[in-house]
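So the structure is just underneath, and the comments pick up after that.
All values below were derived from every heavy atom in this structure, side-chain atoms included, with hydrogens, water molecules and symmetry-related copies excluded. Residue numbering restarts at 1 for every chain, and letters A, B, ... go by the order of the sequence lines.
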There are 2 protein chains.
Amino acid sequence: MPTTIELESLLRETGLRVTRPRMAVLGAVCEHPHADTGSIIDVTREDFGAVSHQAVYDVLRALTDAGLVRQIQPAGSVARYESRVGDNHHHIVCRACGAIADVDCAVGEAPCLTPSGNHGYVVDEAEVIYRGICPDCSTDYPSEKNDPLRKETSA
Amino acid sequence: MPTTIELESLLRETGLRVTRPRMAVLGAVCEHPHADTGSIIDVTREDFGAVSHQAVYDVLRALTDAGLVRQIQPAGSVARYESRVGDNHHHIVCRACGAIADVDCAVGEAPCLTPSGNHGYVVDEAEVIYRGICPDCSTDYPSEKNDPLRKETSA
DNA sequence: AGCTAACCTTGATCGATTCAAGAAAGCGGA
DNA sequence: TCCGCTTTCTTGAATCGATCAAGGTTAGCT
Ligand SMILES: [Mn+2]
Ligand SMILES: [Mn+2]
Ligand SMILES: [Zn+2]
Ligand SMILES: [Zn+2]
């Protein structure tokens with residue numbers, strides 16, 4: 001979890017203006033990996049007071065475009081964000097509660113980019129999403145708790 | 001592309017009642033792999049006259065639950081459907097035009113289900129989505145044509 | 001033919017995201 | 001430090017895919 005100063009540096013180095021919403025949102029994403037936009041809005045408001053939902057959407061897009069955060073969109077889920085970028089890691093999504101955990105690239109890095117029979121496509125990225133049941137949900141019985149903030153490092 | 005009789009058999013074998021909307025939608029999905037719901041609605045109406053949008057949604061869900069079709073949801077795209085099921089194949093999505101092509105599972109089948117360090121999750125599926133540029137878009141310059149019907153077997 | 005659960009139609013509603021217009025604020029230069 | 005330009009933020013409406021809800025219709029079975 002970067003300090004305030006480090007967050008500011010990150011923004012400046014990327015050529016982004018340093019604003020209160022940006023500091024707040026970037027901090028929230030760092031502290032709550034894999035949180036969805038709604039959760040990020042909530043956290044940002046708790047920590048820094050009033051921020052418009054539109055500002056958060058704009059900031060998330062700016063940060064994503066700048067490469068400071070990464071957006072992930074598991075099927076059937078809203079967009080989620082994380083500050084762990086540049087390492088091409090993958091994710092495990094719990095079918096029961098939606099919890100997300102990180103998974104390092106399965107076999108080095110190469111196999112992910114070499115589909116068999118690419119139909120003439122020039123492939124530049126491979127996204128892998130594993131699905132299953134998280135530790136909590138395999139002990140508890142399949143429950144429908146869906147708090148993306150509370151459950152994402154449960155492992 | 002299955003005949004009318006074959007489509008009917010598919011429905012019956014799955015325990016689904018044979019209705020006009022179901023025949024039409026199932027046929028449309030078979031003929032237009034990776035089409036989105038809107039396109040399926042259009043095709044269905046062209047081929048079989050009036051059908052409510054809700055009926056199409058209901059049918060797609062019924063067919064999906066029955067395992068006759070598979071739903072895919074590339075990030076940033078609406079739901080798409082295909083009748084190729086049960087073979088765990090993957091997809092390549094064109095960044096420029098959204099065209100989707102099939103990719104057989106990269107290395108047999110095993111590696112897709114063995115993430116390194118699974119955080120205690122019990123994994124039962126691995127979905128892989130490749131991203132890149134399709135043949136059409138690499139010759140043409142990056143254009144913004146987005147017709148999911150016209151461009152999905154372009155390879 | 002008659003029953004009944006399953007199905008379809010219509011129209012409203014939802015939730016996430018985006019659009020649009022004006023106000024506010026960051027930042028480089030004077 | 002102050003200006004001015006540009007980006008960014010606020011407010012509020014709008015869009016889009018998908019779902020909900022209520023009622024009429026129909027397929028499949030007896
Ligand atoms: Mn991650
Ligand atoms: Mn396919
Ligand atoms: Zn879980
Ligand atoms: Zn393309």
R17(A) CZ to dG28(C) C1', in whole Å, measures 10 Å
Footprint ends on DNA chain D, 5' to 3', for atoms under 4.0 angstrom from a heavy atom of chain B, come out as dG17(D) to dG28(D)
Worksheet entry | Min side-chain heavy-atom separation R70(B)-R84(B) under 4.5 Å | no
Within-4.5 Å side-chain heavy-atom neighbours: D136(A) and C97(A)
no
TODO: State, with a plain yes or no, whether a side-chain heavy atom of L11(B) is found less than 4.5 Å away from one of R17(B).
DONE: no
* **Any T37(B) side-chain heavy atom under 4.5 Å of V78(B) side chain** => no
Checking H34(A), Q71(A), H32(A) against E82(A) for side-chain hydrogen bond (donor to acceptor under 3.5 Å, both in side chains), the one that qualifies is H34(A)
Exercise. Given side chains that start at C-beta, do those of D102(A) and H91(A) come closer than 4.5 Å, heavy atoms only?
Worked result: yes
Its contact letters, B for base, S for sugar-phosphate only and - for none at protein heavy atoms under 4.0 Å, make nucleotides 8-18 of chain C read SBBB----SBB
**Prompt:** Does any donor atom in the side chain of S39(B) or D36(B) lie under 3.5 Å from an acceptor atom in the other side chain?
**Reply:** yes
Between CG of L63(B) and C1' of dC7(C) the distance, given in whole Å, is 13 Å
Nearest heavy-atom approach of H119(B) to P135(A) is O-CG, 3.3 Å
